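Here the structure is a predicted model, which means the values were calculated and not measured. Each chain gets a letter, A, B and so on, in the order the sequences are listed, and its residues count up from 1. The analysis underlying the following values was restricted to heavy atoms, covering all of them including side chains, and did not include hydrogens, waters or symmetry mates.
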2 protein chains.
Amino acid sequence: MATSELDKYSKPSVAVDIVVFTIMGNELKVLLIKRGQPPFAGQWSLPGGFIQIDEQLEGAALRELNEETGVRDVYLEQLYTFGNLNRDPRGRVISVSYFVLVDSTKIKPFVTGKENISEVQWVSIEKLPSLAFDHDKIVKYALRRLRYKLEYTAVGLELLPDNFTLTDLQRLYEIILSQKIDKRNFRKKILSMGILEKTKVFKKGAHRPAMLYKFKKAKPISTFRGFKFEG
Amino acid sequence: MATSELDKYSKPSVAVDIVVFTIMGNELKVLLIKRGQPPFAGQWSLPGGFIQIDEQLEGAALRELNEETGVRDVYLEQLYTFGNLNRDPRGRVISVSYFVLVDSTKIKPFVTGKENISEVQWVSIEKLPSLAFDHDKIVKYALRRLRYKLEYTAVGLELLPDNFTLTDLQRLYEIILSQKIDKRNFRKKILSMGILEKTKVFKKGAHRPAMLYKFKKAKPISTFRGFKFEG
DNA sequence: ACAAAAGTGTTCCTAATACACCCATGA
DNA sequence: TCATGGGTGTATTAGGAACACTTTTGT
């Protein structure tokens with residue numbers, strides 16, 4: 001591989017940063033890690049890290065996420081590439097950001113092997129601390145994208161188990177959009193999309209059992225209005 | 001600047017590639033350059049190049065565009081970051097792609113000082129040759145984004161002079177979306193957005209003069225639903 | 001006077017909204 | 001039997017789509 005031309009000038013570093021969302025209880029949460037080393041030692045930040053020379057961008061995002069937090073098998077989508085000159089005090093670092101949605105029932109306890117992480121935690125979007133680097137901006141953008149996509153895609157299903165009730169789904173929308181939704185209108189709209197299928201199972205609880213639904217097709221792995229990249 | 005940690009591993013190169021759209025005659029055109037050097041010597045490709053270590057991403061895109069084609073003062077928006085391992089035969093190159101809209105009346109004749117470019121040309125989107133690298137994919141994505149944004153933003157105004165008739169604007173929509181639009185519905189919708197303002201000037205021609213309009217506010221420089229980054 | 005583009009309203013249909021009661025179950 | 005969440009329909013409104021003729025100018 002002839003890299004001579006490419007090596008003429010000093011290069012920036014390339015990192016990935018990942019905004020992982022999940023719904024826990026009645027809150028939308030983001031996965032944060034407490035940095036164990038400078039810069040920003042002791043401060044909260046997004047999971048992420050430098051990509052390897054022989055590694056796909058998405059692969060790097062998934063690897064970092066798994067190494068740092070044990071989270072696997074998730075919906076992943078590229079967000080935006082942040083490249084301000086001074087976003088990292090160590091030098092020029094360009095960060096390709098991703099957003100990830102994960103069903104909280106599939107999350108296992110954190111087992112991180114990384115020495116430079118002192119803590120991993122799910123933090124409510126309402127109670128975010130100030131984050132390292134420009135990660136505040138990245139989270140803000142990710143949240144915007146999540147809310148926006150919820151309106152015209154079925155992406156929200158990535159946050160639920162395979163079988164769920166319509167009330168579960170509505171609660172998810174209400175939490176993410178932080179607003180109440182009319183039950184009848186919500187059901188009408190969701191069902192008219194034709195993406196849900198009744199199972200023959202009911203969820204039993206303290207009260208009237210609720211029909212469980214499942215998503216019809218293979219879960220969507222797309223990035224922009226159904227357009228699939230780099231696959 | 002402590003770059004020791006960053007330099008432990010070999011780094012990918014980072015490039016920008018730019019899809020520049022304009023309307024000429026009755027066609028949507030993209031700016032292409034014919035490569036003068038390997039790889040892909042003699043083949044058409046998008047304008048672009050490697051970023052410098054002390055240069056903003058957007059700045060690099062604008063610089064490359066200006067150096068290669070003389071195009072300046074344009075609407076610029078980040079598209080997507082392509083990073084497949086083998087997208088460049090020279091080695092690992094990650095490309096941050098941008099899309100640019102430029103009013104064709106503001107384009108000056110090309111004066112490129114770069115030795116590695118043998119030709120610069122505006123090519124109709126209908127007659128694109130097969131492009132170098134993964135640039136076909138980038139153009140496809142850019143076109144998709146342009147069509148999509150046209151539906152819910154005023155981004156199309158970037159392709160027109162400051163003053164324009166409603167017929168000019170409608171023609172622009174028809175060319176980009178490649179479909180006829182009803183004149184009355186189009187005017188109703190555009191005017192109801194409240195973003196246009198009548199000038200007191202008429203465009204004289206062979207027939208009945210048409211009212212010239214202009215855009216009300218500062219032209220939008222945004223990347224995603226009005227959200228401004230890195231600014 | 002005529003050719004050519006400018007300009008203008010109404011009807012229809014679809015989709016979003018607002019809104020309230022009965023049902024099935026476990027305790 | 002009652003407390004709790006599950007489940008259902010209709011009337012109104014707003015926005016998008018279909019559709020044709022008159023006006024103004026230059027030649």
Side-chain angles (χ1 to χ4, degrees), chain A residues 23 25-26 147-154 156-157 160-215 225, chain B residues 23 25-26 147-154 156-157 160-215 225:
Chain A
I23 301 279
N26 282 323
R147 286 183 171 149
Y148 175 57
K149 285 205 86 157
L150 213 58
E151 312 255 11
Y152 71 93
T153 69
L157 298 176
L160 289 179
D162 291 344
N163 297 317
F164 50 87
T165 67
L166 294 182
T167 302
D168 291 339
L169 188 57
Q170 179 175 348
R171 193 173 57 91
L172 181 151
Y173 273 72
E174 290 180 338
I175 291 167
I176 295 174
L177 302 174
S178 14
Q179 59 179 14
K180 289 298 277 180
I181 301 171
D182 178 82
K183 188 167 38 161
R184 280 165 295 188
N185 292 339
F186 178 78
R187 285 164 183 243
K188 212 185 309 171
K189 186 173 168 185
I190 286 288
L191 292 175
S192 76
M193 287 181 183
I195 54 174
L196 298 187
E197 198 173 4
K198 279 184 183 173
T199 64
K200 277 147 197 159
V201 190
F202 286 83
K203 183 190 197 178
K204 305 241 173 184
H207 306 292
R208 174 173 175 177
M211 175 66 73
L212 286 167
Y213 286 78
K214 63 178 178 182
F215 188 51
R225 301 277 282 183
Chain B
I23 301 279
N26 282 322
R147 287 184 171 148
Y148 175 57
K149 285 205 86 156
L150 213 58
E151 313 255 12
Y152 69 93
T153 69
L157 299 174
L160 290 178
D162 291 344
N163 297 317
F164 50 87
T165 68
L166 294 183
T167 302
D168 291 339
L169 188 57
Q170 179 175 347
R171 195 174 56 90
L172 182 150
Y173 272 72
E174 289 178 337
I175 290 167
I176 294 175
L177 301 176
S178 15
Q179 59 178 17
K180 290 297 277 179
I181 301 172
D182 177 83
K183 186 165 41 159
R184 282 166 292 187
N185 291 340
F186 179 78
R187 283 163 184 246
K188 214 184 310 170
K189 186 174 168 183
I190 287 288
L191 292 175
S192 76
M193 287 181 183
I195 55 175
L196 298 186
E197 198 172 5
K198 278 184 182 172
T199 64
K200 276 146 198 159
V201 190
F202 286 83
K203 182 189 197 177
K204 303 240 174 185
H207 306 292
R208 173 172 176 179
M211 176 65 74
L212 286 166
Y213 286 78
K214 64 178 179 183
F215 188 51
R225 304 275 281 182

Novice: With respect to the phosphate group of C:dA6, does any side-chain polar atom (N or O) of B:T167 fall under 4.0 Å of OP1 or OP2?
Specialist: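 Answer is yes, contact under 4.0 Å.
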Novice: Give the minimum heavy-atom separation between B:R147 and B:S178, together with the two atoms involved.
Specialist: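 In terms of heavy atoms, the two residues are closest at NH2-OG, 3.4 Å.
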Novice: Applying a 4.0 Å non-hydrogen cut-off, can you work out what B:T165 is touching in the nucleic acid: base, sugar-phosphate, or nothing?
Specialist: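 No contact.
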Novice: The side chain of B:H207 lies closest to which of these nucleotides: D:dT4, C:dA4, C:dA6?
Specialist: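 So the nucleotide nearest the side chain must be C:dA4.
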Novice: Is the closest side-chain heavy-atom distance between A:K203 and A:L212 below 4.5 Å?
Specialist: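 A:K203 vs A:L212: side chains touch.
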Novice: What is the separation between atom CE on B:M211 and atom C1' on D:dT24, rounded to the nearest whole Å?
Specialist: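 My rounded result for the distance is 13 Å.
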Novice: Name the orientation class of the two ring planes belonging to A:Y173 and A:F186 (parallel below 30°, tilted from 30 to 60°, perpendicular beyond 60°).
Specialist: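 A:Y173 vs A:F186 ring planes: perpendicular.
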Novice: As a quick check of understanding, evaluate side chain to side chain contact (heavy atoms under 4.5 Å, CB included) for A:L160 and A:I23, giving each step before the final call.
Specialist: CA-CA 8 Å; A:L160 289 179; A:I23 301 279; over 6 Å; no
Novice: Ignoring hydrogens, what is the shortest heavy-atom contact between A:R187 and A:T167? Give both atom names and the distance.
Specialist: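 Between these two residues, the closest heavy atoms are NH2-OG1, 3.3 Å.
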Novice: Provide, to the nearest angstrom, the distance between the CG atom belonging to B:L191 and the C1' atom belonging to D:dG15.
Specialist: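 Atom CG in B:L191 sits about 16 Å away from atom C1' in D:dG15.
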Novice: Can you measure B:E151 atom CD to D:dG16 atom P for me and round it to whole angstrom units?
Specialist: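 After rounding, the reported distance stands at 11 Å.
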Novice: Taking atom P of C:dA6 as reference, at what distance in whole Å does atom CG of B:L169 sit?
Specialist: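 Distance, rounded to whole Å: 13 Å.
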Novice: Check A:L177 against A:E151 and note the closest heavy-atom contact, atom names and distance.
Specialist: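 What the structure gives for the nearest pair is CD2-OE2, 4.2 Å.
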Novice: Quick one: what's the B/S/- string for nucleotides 15-20 of chain C, heavy-atom cutoff under 4.0 Å, read 5' to 3'?
Specialist: --BBBB
Novice: How close or far is atom P of D:dG7 from atom CD of A:Q170, stated in whole angstroms?
Specialist: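 In whole Å, D:dG7 P lies 12 Å from A:Q170 CD.
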Novice: Nearest 0.5 angstrom please: A:I175 CD1 to A:N26 CG, how far?
Specialist: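 Nearest 0.5 Å value for the CD1-CG distance: 4.5 Å.
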Novice: So, does the side chain of B:R208 form a donor-acceptor pair with the base of C:dA6 at under 3.5 Å?
Specialist: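 Under the 3.5 Å cut-off, the side chain and the base do form a donor-acceptor pair.
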Novice: A:K180 has an atom NZ; how far is it from atom P of D:dG5, in whole Å?
Specialist: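 My rounded result for the distance is 11 Å.
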Novice: Whole angstroms only, please: what is the CZ-P distance between B:F186 and D:dA18?
Specialist: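 It works out to 16 Å between those atoms.
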Novice: To the nearest angstrom, how far is B:K203 atom NZ from D:dT25 atom P?
Specialist: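 Nearest whole value for this atom pair: 16 Å.
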